[in-house]
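This report concerns only the one structure given below.
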Amino acid sequence: MLLSFPARAAAALTARMERKRFSGEREELSAVKTDVAEQRKAEALKDAVYRISLAANGAEDMQKLFYEIDMIVGTLLSADVFTIALFSSATNRVSYQYYRNITNLHRQPSATENRLIHHVLSTGVSFIAVPESVNTAKGDTPIGELLTRDWLGVPLRAKGVTFGVIAIQNQGGTRYGEEERNILEFVSTQIAMSINRKRAENDLRASEEKFSKIFSSNPYPLMLVSFEDGTISDVNESMLQTTGYERNEMIGRSVMELDLICNEEDRRRLRQIVRTEGAIRNAECWFRKKSGILGLAMLSAEIVSFNGKTSILSVAKDIAEQKQAEDRIKSSLHEKEVLLREVHHRVKNNLQVVSSLLNLQSRSVTDERMLEFLKESRSRVKSMAMIHEMLYQSADLSHVDFADYLRNLALSLMRTYGGGDVALDVHVGDVQLGIDTAIPCGLIVNELITNSLKYAFTESGTDVPRRNCITVTMEETPAGDLLLAVGDNGIGIPVGVNVDTSATLGLRLVGILTTQINGTLILDRSSGTTFRILFPGG
């Protein structure tokens, strides 16, 4: 019921008396009010943290999350301007992801650089800036911003790394102090976790989308299989075309059930490799298509984590046609190799026939000079025949083992010219020459050894005993060229003899053959006679 004016006056007087009577309890009541206020603040903070967590889980994108955080922080602190800036280590730049002021509730992020934010990022420490202190600071201050209102910024940190700043400003009235900083720091921990988690989710989603595009458009057959039970969770179009299955015939079924890898030994071997090594690299295995036709595949696989599950990503390429092509190439190469060996064998036989004809011809010749010509020609033919014989017997039809060839050639010449009292010293490294270089080099050595055996050890004009020796060496120079040297310790070639203008065919032939292999001939008369020929290797 309504009270009359006197009644209201009486009630007021009674209330004043009551307050006076209980004035001794004012301090206790004030303490209770303080406790209630602190409790409400704690509850507000707890509610804010809870709402931020919900926002992080429910926000569809980062901008929506930032907006939700802005609204939640606004319930705790006076924030007429709200900014979120994030630092990217990839670009080494600060991006202002979210900006809102009192005149524009949801504006695009500001591109304006803020030195206060850079200061908090660089120090990793919260900072309160007020106009009275910042505007009167000297020009060398690291802040250097002109303020019209209080500014509060706290770092956003995750795993000990500062990756951003959350900053607020007001239009006046409420001043920022330690209490406001503590509140924003408390909330920023949850905000940092939420932003970092959301960024990770976005990165993961982008990565999975990229993977999905690559997976579906890859020209090679791909399959994603559960690591636990072998259930197929995804295949691309190329896999369907290779196996002949429809998508719904493969998804949800196991590799064993479809009998894709049809050989039990292959299945056991591949399973063991992927479980012990975590990956398979280019393993051949037989697989069965839907039609029952077998195919040969080159399989590679890797253990991956996709959609929170451990799976095996495999790529398989049908190499049946490739194998057939390789077999045809190998067969063709083998046929060509057999043919080339037969060519070398027949050339060798023909040269031996020529050598035999020269030998038969020499039996009917009585002129000593003519006999010598036939003997030299036969020696040259034999030197060429030996190369074709070695190529016929060699595993490599394109190169001659020149060390072995020179030893055989030198011994053959010693037998032909009766060099029993002459020591032969051959030092040749692991030198492989093609036939186009080996034949000229063989003829050069043939001529020079023959010349030494015929003329170097006549002992005319000297009574000094010596050990007759012929030396043949070949080595590779630091520049990659080859140096062939044939020498003897005999009486030495006469000073007036010139290789290019010599009356003898043998020495002129040495000069011609040296030019043929693009070599340079150096004649050394310092101790006996040594011919050195430098020519390109390879």
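Computed from a predicted model, the values in this text were never measured in an experiment.
The salt bridge (Lys or Arg N to Asp or Glu O under 4.0 Å) check on Glu264 picks up Arg267, Arg268, with sequence neighbours excluded. Residues satisfying the side-chain contact (heavy atoms from CB on, under 4.5 Å) test with Ser194, not counting sequence neighbours, are Ile52, Ala56, Gln190, Arg197. For Leu240, the side-chain contact (heavy atoms from CB on, under 4.5 Å) partners are Val235, Glu237, Arg247, Met250, not counting sequence neighbours. For the side-chain hydrogen bond (donor to acceptor under 3.5 Å, both in side chains) test, residues two or more places apart in sequence or in another chain that qualify with Asp524 are Ser526, Arg532. With sequence neighbours excluded, the residues forming a side-chain hydrogen bond (donor to acceptor under 3.5 Å, both in side chains) with Arg253 are Glu257, listed by chain and number. Qualifying salt bridge (Lys or Arg N to Asp or Glu O under 4.0 Å) partners for Lys289, counting only residues two or more places apart in sequence or in other chains: Asp318. Ser362 pairs by the side-chain contact (heavy atoms from CB on, under 4.5 Å) definition with Asn359, Leu371, Leu374, not counting sequence neighbours. Take Arg157 and apply the salt bridge (Lys or Arg N to Asp or Glu O under 4.0 Å) test, not counting sequence neighbours, and it matches no residue. Remark: Asn236 engages no residue in a side-chain hydrogen bond (donor to acceptor under 3.5 Å, both in side chains) (not counting sequence neighbours). Legend: residues meeting side-chain hydrogen bond (donor to acceptor under 3.5 Å, both in side chains) with Glu476, ordered by chain and number and at least two apart, are absent. Every salt bridge (Lys or Arg N to Asp or Glu O under 4.0 Å) that Glu249 has, sequence neighbours left out, goes to Lys290.
Nearest approach of Leu299 to Ile280, heavy atoms of both residues: O-CG2, 3.7 Å.
Note that CG of Leu222 and OG of Ser300 are 11.0 Å apart. Values are rounded to the nearest 0.5 Å. To the nearest 0.5 Å, atom CG of residue Leu509 and atom CG of residue Asn451 are 12.0 Å apart.
Residue pairs meeting the ring-ring contact (aromatic ring centres under 6.0 Å, His included) criterion with at least one partner in residues 201-259, sequence neighbours excluded, are Phe211-Phe215, Phe211-Phe306.
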